[in-house]
Every structure is written in structure tokens, then in C-alpha cells.
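Worksheet for the structure shown next.
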Amino acid sequence: QFESDSLRLYPDPNSIDLRQCIADYHHVALENVFVGNGSDEVLAHAFYAFFKQQAPIIFPDITYSFYKVYCDLHQIAYEQMPLDDNYRVPLASIPTNNGGVVFANPNAPTGDLIGSGDIELLLQRNTDSVVLVDEAYIDFAPSGSSVDVLVSKYDNLLVSRTLSKSRSLAGIRLGYAIGSAPL
Ligand SMILES: *Cc1c(COP(=O)(O)O)cnc(C)c1O
């Protein structure tokens, strides 16, 4: 018997063991975890599921280039908010009549980190659309910077993670999202 013998079987379609492991790591429940083939696939599903609506979604003008690609692919209307003079994402000036908000934190390629307090201020006033925080680089920020802890408080918050950067496992294609069970 070899471990590789199991390769003739399809994997668990619900990825229960993996999701439970991720859930334990983030101190959330199994139903708060969604996994995908890299966080790019998680983002693609999220854009298609949450952002295809009348109002445009909002993301910074300097950020991860795939947000625009997914909008074009799924024909999602978007507006790019300019970074301020210090290359910071101006969360406080985001209008709330949006179709969704997405930003990378820390942002890429600026490396700028938005404090979780500022993100919570956005969540307090932006209650009618999904706020997607792409934490691909969060392990390079001081511990405690993640907003995964806010998922239990805000139903419309989705936090995406990847094993491609800080874990150096890009080839394994594993990304995931933490969010409320309905999301
Ligand atoms: C690299 C990266 C991703 C996607 O990574 P995957 O390899 O698909 O998990 C998503 N967002 C940002 C900001 C990235 O830099």
C-alpha cells in the first residue's frame, strides 16, 4: 500500500479536514471557511457572486492588477479611488452607495498597511455591500493586523488569504476566504 494509491479517488469535495484546520487556525467555525485553487480563484468566485450589480465596486487605483481583470471578465462596473499623496488607501472617503469594496491589505505594490481600526470604521458605515479584504501579504505585517477577528461581527466582511507568499507554497494552489456562513 502506498499513499499514492489514494490518488485514484476523488478528493473530498467539501475539503472538510483542510477547512477545519484553517478554521482552527483562525478561531472560526468550519462554515466560515471557503477554499479555492489559489486565492485568485477565491477572488474570481467572490467577484462573480457579490459584485455583479448596478452600483460600481470600488478599489484603489494602485493595487493588485487582477481586480480590474476580474471586473472586465465578469463585466462588473468599477471605480478606482486614487491613493492619497502619501500613497495610502483613503478608506474614509469611500461613498457608501457602492456595489462592493475591495482592497489588498497590506496593499501591493505600495506595502502600505491600513490599521484594523480604520477598516472597522468603514464596516460600521458600509453595511449594504460586501467588503473584501485581500490579506495576501498580511503575514509580513505586525501580528494583530488581520481583520479575520471582525468576521464574527460583520456579516458583509470577507477576508481572503493565500499560501503563495509568506508560506512560499504558490505551486500548491491554495487560497481561502474567511467570512460569515451566509457569505
Ligand atoms: C499573489 C496575490 C494573490 C493571488 O495569489 P494566489 O497564488 O492565487 O493564491 C491575490 N492577491 C494578492 C494581493 C496577491 O499579491
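Numbering of ligands and ligand atoms starts at 1, following listing order. What you see below is based on every heavy atom in this structure, not just the backbone, and it leaves out hydrogens, waters and symmetry mates. As the structure is a computational prediction, the values presented were derived from the model and not from experiment.
Near G38, with a cut-off below 4.0 Å to any heavy atom, the atoms of ligand 1 are 8 (O), 9 (O). Within the listing of ligand 1, atoms 5 (O), 6 (P), 7 (O), 9 (O) sit less than 4.0 angstrom from a heavy atom of T162.
Here the shortest heavy-atom pairing between S129 and N156 reads O-ND2, 2.9 Å.
Of all the heavy atoms of K165, the ones lying under 4.0 Å from any atom of ligand 1 belong exclusively to the side chain. The part of A136 lying near ligand 1 is the side chain, judged by heavy-atom distances below 4.0 Å. With a heavy-atom cut-off of 4.0 Å, F66 does not touch ligand 1 at all. Contacts between D134 and ligand 1, counted as non-hydrogen atom pairs separated by less than 4.0 Å, involve the side chain only.
Regarding atom 3 (C) of ligand 1, its nearest protein heavy-atom neighbour is Y64 OH, 3.4 Å. Residue, atom and distance of the protein heavy atom nearest to atom 7 (O) of ligand 1 are S164 OG, 2.6 Å. When hydrogens are left out, the protein atom nearest atom 5 (O) of ligand 1 is S39 OG, 3.3 Å; that is the closest non-hydrogen contact.
Note on E41 versus R173: no salt bridge recorded, every NZ/NE/NH1/NH2 to OD/OE distance being 4.0 Å or above. One finds no salt bridge joining R161 and D134 here, because no Lys/Arg side-chain nitrogen approaches an Asp/Glu carboxylate oxygen to under 4.0 Å.
The aromatic rings of Y70 and H74 sit parallel, their planes meeting at an angle under 30°, below the 60° perpendicular limit.
Every salt bridge (Lys or Arg N to Asp or Glu O under 4.0 Å) that D112 has, sequence neighbours left out, goes to R88.
In the hydrophobic clustering (ILVMFWY side chains linked at under 4.5 Å, chained through shared members), V42 is joined by F34.
Inter-residue side-chain proximity for L18 and L174 is flagged as met; some heavy-atom pair is nearer than 4.5 Å.
The closest approach between a heavy atom of R173 and any atom of ligand 1 is below 4.0 Å.
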